[in-house]
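Predicted, not measured: the structure shown is a model, and the values here were computed from it. Residues: numbered from 1 along the sequence shown.
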Amino acid sequence: MKLINTTSENSFRYGWLLSRIMPFVVKYWFRIILGFMIAIPLGLLDGVTAFSLKPYMDYVIGAKDFEFTVLNHKFFITSLQMSFLIPVGVVIFAAVQGILRYFNGYFCTWTGQKITNDLRISLFQKLINMHPGFFDENSSGVIIQRYMADPQTASAGIVVQLKDIATGTFGAIGLVAVMLYSSWKLAIIGVIVLCAAFLPVILIRKRIKSASNKNMVISGNMTTNINETYSGNKVMAAYALQDRQYNYFKKQVWDSFAVNMSLYKRTGWMSPLMYIIASLGIATVLGVGTYLINSHEMTAGSFASFVTSLLLLYKPVKVVGGSLTDLQGLFVAAGRVFELFDVEADIKDCENPLQLNSFDNVITFENVCFEYQKDRPVLKNINLCVAKNETLAIVGNSGGGKSTLVNLIPRFYDVTSGAVKIDGEDIKNISLKSLRNNISMVFQDNFLFSGSIRENIMMGNPDATEEDLKIALASAHLEDMIADMPQGIDTVIGERGTSLSGGQRQRVAIARAMLRNAPIVILDEATSALDNESEAIVQKAMDNLMKNKTVFIIAHRLSTIKNADRIAVINDGELVEIGTHNELMNINNGHYKALYDMQFKKQEVS
C-alpha cells in the first residue's frame with residue numbers, strides 16, 4: 001500500500017471514528033469526564049460579569065437600595081454596599097474561573113498526551129511488523145508523517161478542540177440564560193444570530209479534507225528530503241547537489257504555502273461573515289432594545305446586561321465555530337491514523353503456524369517465480385536443492401535476481417508462485433519468528449543501530465553469555481579494533497555506525513550473525529564494497545561464520561566462489577547453470593566460464 005495515495009474516506013463517518021478511538025479513550029474516562037465536568041461551571045461563569053451589570057446599573061448607578069426577603073424577614077443592601085460587593089464578587093468569580101481553567105487545561109493535556117502515546121505505540125508496533133515491500137513502496141518522510149505526526153495531530157488536537165467546544169458551549173448557554181433573564185424577546189434575536197453563525201462550518205468539510213491530505217503528502221516529502229540530505233550528505237557534496245536539494249525543498253515549501261492559501265481563500269471568509277452576522281444582530285438588538293426601554297418593558301440595567309451578554313457571546317461562539325472548523329482537519333488526520341490500523345502486512349504468519357526448531361536436511365526451491373511488479377518477473381521457475389552444511393555460491397549478471405533469491409528464504413518477500421521449503425515444509429507454514437531465528441544474514445551495507453558495539457552485537461542473541469560474546473569477537477577479528485576504542489566494546493558508535501570504517505561495520509555485523517549461531521547463513525555481497533585489506537580481514541571472519549553451516553553466498557571474490565560446494569548461475573531471473581567450479585568451467589561457451597573469464601580470471605592471476 002502506498003501511503004501517499006491517501007483518501008481518508010472515513011474522515012467524516014463520525015460513528016466509525018468514534019468506534020475506532022474509543023478503545024484508546026476508555027482507559028482515561030475518569031479524567032476525561034472530570035475535565036468536561038469542570039468545563040460546565042467554567043463556561044457558565046462567563047455570564048457572571050454580564051449578569052452583574054443589571055444590579056450595578058439599576059442599584060448602584062440608580063442609587064437604589066436592594067431589598068430582598070428571606071424567611072419572612074426583609075433585608076436591605078444599600079447602593080454603597082452594592083458598589084463594593086459587586087466588583088469583589090466579580091473578582092472572586094474570575095479567580096474561581098482561573099483555577100477551573102487551569103485544572104481543565106491540565107486534564108485535557110494529560111489525557112491528550114496519554115491517548116497520543118498509546119496511538120503512537122500501537123502504530124509503531126504495526127510498523128515494525130510490516131514487510132520489507134511496504135518500506136520499498138513508501139518514503140521515510142511519509143512514514144514519519146503518518147506514524148508520528150498524524151497521531152499527535154489527531155488525538156491531542158481533538159481533545160483540546162473538544163474541551164474548547166465544551167467550554168464555549170456552556171459559556172454560550174450561561175450568556176443566553178442571562179439574555180433570557182434580561183429580555184426573552186431580545187434573546188430570540190440573539191439565538192437566531194447564534195445559529196446563523198454556525199452555518200458556514202457545514203460548507204467547508206470537503207475543502208479541508210482535500211487540503212489536509214495534500215499537506216500530509218507535501219510534509220512527508222519535505223521530511224524525506226531532509227532525511228536524504230542527511231544520509232546522502234557526502235554524495236551531495238561530491239556531486240555538488242546542494243542547489244538541487246535546495247530547489248527541491250524550496251518548491252515543497254511553496255507548494256505547502258499554495259495549498260494553505262488556497263484553503264484560506266475558501267474558508268477565510270468565515271470569520272468576516274461571523275462578524276457581519278454578529279453586527280447585524282447587535283444593530284437589531286439596539287433598535288429593539290431602545291423601543292423596549294422607552295415602552296418601559298425593560299430597565300436600562302437589564303438592557304446593559306443583555307448587550308454585554310450578546311457581546312460576550314461572540315467569543316464562545318467564535319471559539320466553538322473555530323474549533324468545529326479545526327475539528328474537520330483533525331478528523332482527516334484521525335481518519336488517516338485509523339486507516340493505518342487496517343493496513344495488513346502482506347507477509348505474516350498463517351493460522352496455527354509451525355515452529356522451526358531445527359534444520360535437518362535440505363532447503364528446496366520448487367518452481368519459484370517472483371515479481372515485484374505485476375507482469376514483470378524477476379525470478380522464473382527456479383528449481384534448486386541445497387543440503388544441510390552445503391555452501392552454495394550464487395553468481396550472475398547484475399540485476400539478475402541473486403539477492404531476490406536469498407531474500408525469499410527469510411520471507412522478506414513471498415514467492416509469486418511455487419514454494420520455498422525447509423525439510424519439506426513450505427516456509428509459509430512456519431512462524432516468521434522461528435524461521436528467522438534459524439537464519440543469520442550479513443548484507444553488503446549492514447545497518448548498525450545507535451548505541452554501543454556491545455549492544456549491536458548482542459542483538460544477534462540477547463541471551464548470550466560473556467563467553468559467547470568473547471568467542472564471537474575473536475571469530476570476527478574484532479579484538480584489536482575494540483582494544484583501540486576509548487571505551488572498548490561499550491564505545492558508542494553513533495547513528496548507522498558512521499564512526500566505524502566499512503570493514504569494521506562488516507565485522508560487527510558478522511559478530512552479530514555469529515552470536516545468533518543459526519544453522520542457515522546468508523551472505524549478500526558482504527565484501528563487495530571493501531578495499532583489499534579490509535576484505536581480507538572480513539573474509540577470515542566470514543570463513544569462521546560459515547563453519548558447519550548451510551550457506552548461501554553472493555560473492556565476487558574468486559576464492560570464496562571456488563571453495564563453495566556448488567555454484568549457481570542466475571541470469572535474468574533464471575537458473576542457467578549449477579555445479580562445482582571445475583564442472584562449470586568444463587562447459588563450452590558456458591555462462592559461468594564467460595563470467596569467470598570476464599570478472600574472476602584476473603583475481604586468480606594476481
Side-chain angles (χ1 to χ4, degrees), residues 122 124-136 343-368 370 379 382 384-392 394 403-443 446-447 449 455-465 468-469 471-472 475 509-524 526 545-554:
S122 297
F124 193 75
Q125 185 179 34
K126 289 277 295 185
L127 180 65
I128 59 178
N129 287 293
M130 295 305 291
H131 56 287
F134 175 83
F135 295 95
D136 294 342
V343 177
E344 292 293 337
D346 290 344
I347 297 173
K348 55 187 176 182
D349 284 336
C350 64
E351 190 174 349
N352 301 318
L354 302 173
Q355 298 299 312
L356 183 63
N357 297 317
S358 63
F359 166 51
D360 301 318
N361 295 309
V362 65
I363 298 172
T364 57
F365 293 77
E366 298 180 1
N367 297 314
V368 167
F370 178 78
L379 296 176
I382 301 291
L384 181 63
C385 291
V386 180
K388 182 178 180 179
N389 294 338
E390 180 182 6
T391 296
L392 178 74
I394 304 171
S403 293
T404 300
L405 181 70
V406 296
N407 282 334
L408 296 178
I409 302 171
R411 285 191 73 195
F412 290 163
Y413 304 92
D414 269 342
V415 299
T416 305
S417 62
V420 179
K421 295 182 178 181
I422 295 181
D423 293 340
E425 188 65 54
D426 192 326
I427 60 174
K428 289 183 179 180
N429 299 326
I430 299 171
S431 79
L432 284 170
K433 185 174 182 179
S434 70
L435 171 67
R436 292 170 183 172
N437 278 343
N438 281 274
I439 301 171
S440 294
M441 297 193 71
V442 181
F443 305 94
N446 284 282
F447 189 93
F449 292 84
E455 289 170 332
N456 273 277
I457 295 174
M458 290 296 289
M459 289 173 186
N461 180 10
D463 298 323
T465 65
D468 295 331
L469 182 59
I471 294 171
S475 299
I510 289 170
R512 181 168 62 193
M514 199 165 290
L515 203 61
R516 168 158 281 195
N517 196 28
I520 302 168
V521 173
I522 297 174
L523 304 170
D524 189 354
L545 174 63
M546 294 162 58
K547 288 178 181 177
N548 302 316
K549 299 291 191 295
T550 304
V551 182
F552 294 81
I553 180 166
I554 301 172

Counting only heavy atoms not in Phe135, do more than 12 sit closer than 6.0 Å to its CZ atom? yes
For residues 404-441, which residue pairs pass the ring pair (Phe, Tyr, Trp, His ring centres under 6.0 Å) check, not counting sequence neighbours? Phe370-Tyr413, Tyr372-Tyr413
For Gln355, does the CD atom have more than 12 heavy-atom neighbours from other residues, nucleotides or ligands under 6.0 Å away? yes
Phe365 vs Leu405 side-chain heavy atoms within contact, under 4.5 Å: yes
Side chain to side chain donor-acceptor pair (under 3.5 Å), that's the test. Do Lys388 and Asn548 meet it? Break it down for me. CA-CA 9 Å; Lys388 182 178 180 179; Asn548 302 316; over 6 Å; no
Give the C-alpha distance, both sets of side-chain angles, the deciding distance and a yes or no for side-chain contact (heavy atoms from CB on, under 4.5 Å) between Leu432 and Asn129. CA-CA 10 Å; Leu432 284 170; Asn129 287 293; over 6 Å; no
Under the criterion side chain to side chain contact (heavy atoms under 4.5 Å, CB included), which of Ile457, Leu523, Val442 is the partner of Ile510? Val442
Point-to-point distance, once rounded to the nearest 0.5 Å, from CG of Asp423 to CG of Leu356: 7.0 Å
Could you go through Met130 and Val343, starting from their C-alpha distance and side-chain angles, then the distance that decides it, and tell me whether this counts as side-chain contact (heavy atoms from CB on, under 4.5 Å)? CA-CA 9 Å; Met130 295 305 291; Val343 177; 3.7 Å; yes
Output the distance between atom CG (Leu127) and atom OG (Ser122), rounded to the nearest 0.5 Å. 12.5 Å
List the residues meeting salt bridge (charged side-chain N to carboxylate O under 4.0 Å, His left out) with Glu390, not counting sequence neighbours, and say none if there are none. Arg566
Side-chain heavy-atom pair Leu435, Ile422 within 4.5 angstrom cut-off: yes
Hey, could you give me the CD1/CD1 distance between Ile409 and Ile522, rounded to the nearest 0.5 Å? 4.0 Å
For Asp414, the side-chain contact (heavy atoms from CB on, under 4.5 Å) test, sequence neighbours excluded, returns Ile347, Arg411, Lys428
What heavy-atom pair brings Ala518 and Asn437 nearest, and what distance separates the two atoms? CB-O, 3.8 Å
Keeping Asp426 on the side-chain end and Ala419 on the backbone end, is there a donor-acceptor pair under 3.5 Å? no
Is it the case that the side chains of Asp468 and Thr465 hold a donor-acceptor pair, with the cut-off being a distance below 3.5 Å and no angle test? yes
Say whether, by atom type as modelled, one donor and one acceptor occur between the side chain of Asn367 and the main chain of Gly418 under 3.5 angstrom. no
For Val386, run the side chain to side chain contact (heavy atoms under 4.5 Å, CB included) check against Thr550, Thr364, Val551, Thr391 and tell me which one passes. Thr550
At what distance, to the nearest 0.5 angstrom, does CG of Leu515 lie from CG of Leu545? 11.0 Å
Give me the atom names and distance for the closest heavy-atom approach of Pro519 to Asn438. CD-O, 3.4 Å
Does Lys348 have any salt bridge (charged side-chain N to carboxylate O under 4.0 Å, His left out) partners at least two apart in sequence or in another chain, and if so, which? Glu344
Test side-chain contact (heavy atoms from CB on, under 4.5 Å) on Asn461 and Asn517; report intermediate values, then the result. CA-CA 8 Å; Asn461 180 10; Asn517 196 28; over 6 Å; no
Determine the minimum heavy-atom distance between Met514 and Ser475, stating which atoms define it. SD-CB, 2.9 Å
List the atom of His131, the atom of Asp346, and the distance in Å for their closest heavy-atom pair. ND1-N, 3.0 Å
Those residues that, when tested against Glu425, pass salt bridge (charged side-chain N to carboxylate O under 4.0 Å, His left out) (two or more places apart): none
Expected output: side-chain Asn429 to main-chain Pro353 donor-acceptor under 3.5 Å: no
Going by ring pair (Phe, Tyr, Trp, His ring centres under 6.0 Å), name the pairs with one or both residues in residues 344-363, residues two or more places apart or in two chains. none
Reported SG-to-NZ distance for the pair Cys385 and Lys421, which is rounded to 0.5 angstrom: 10.5 Å
If we ignore hydrogens and angles and just use 3.5 Å, is the side chain of Arg436 paired with the main-chain N or O of Pro410 as donor and acceptor? yes
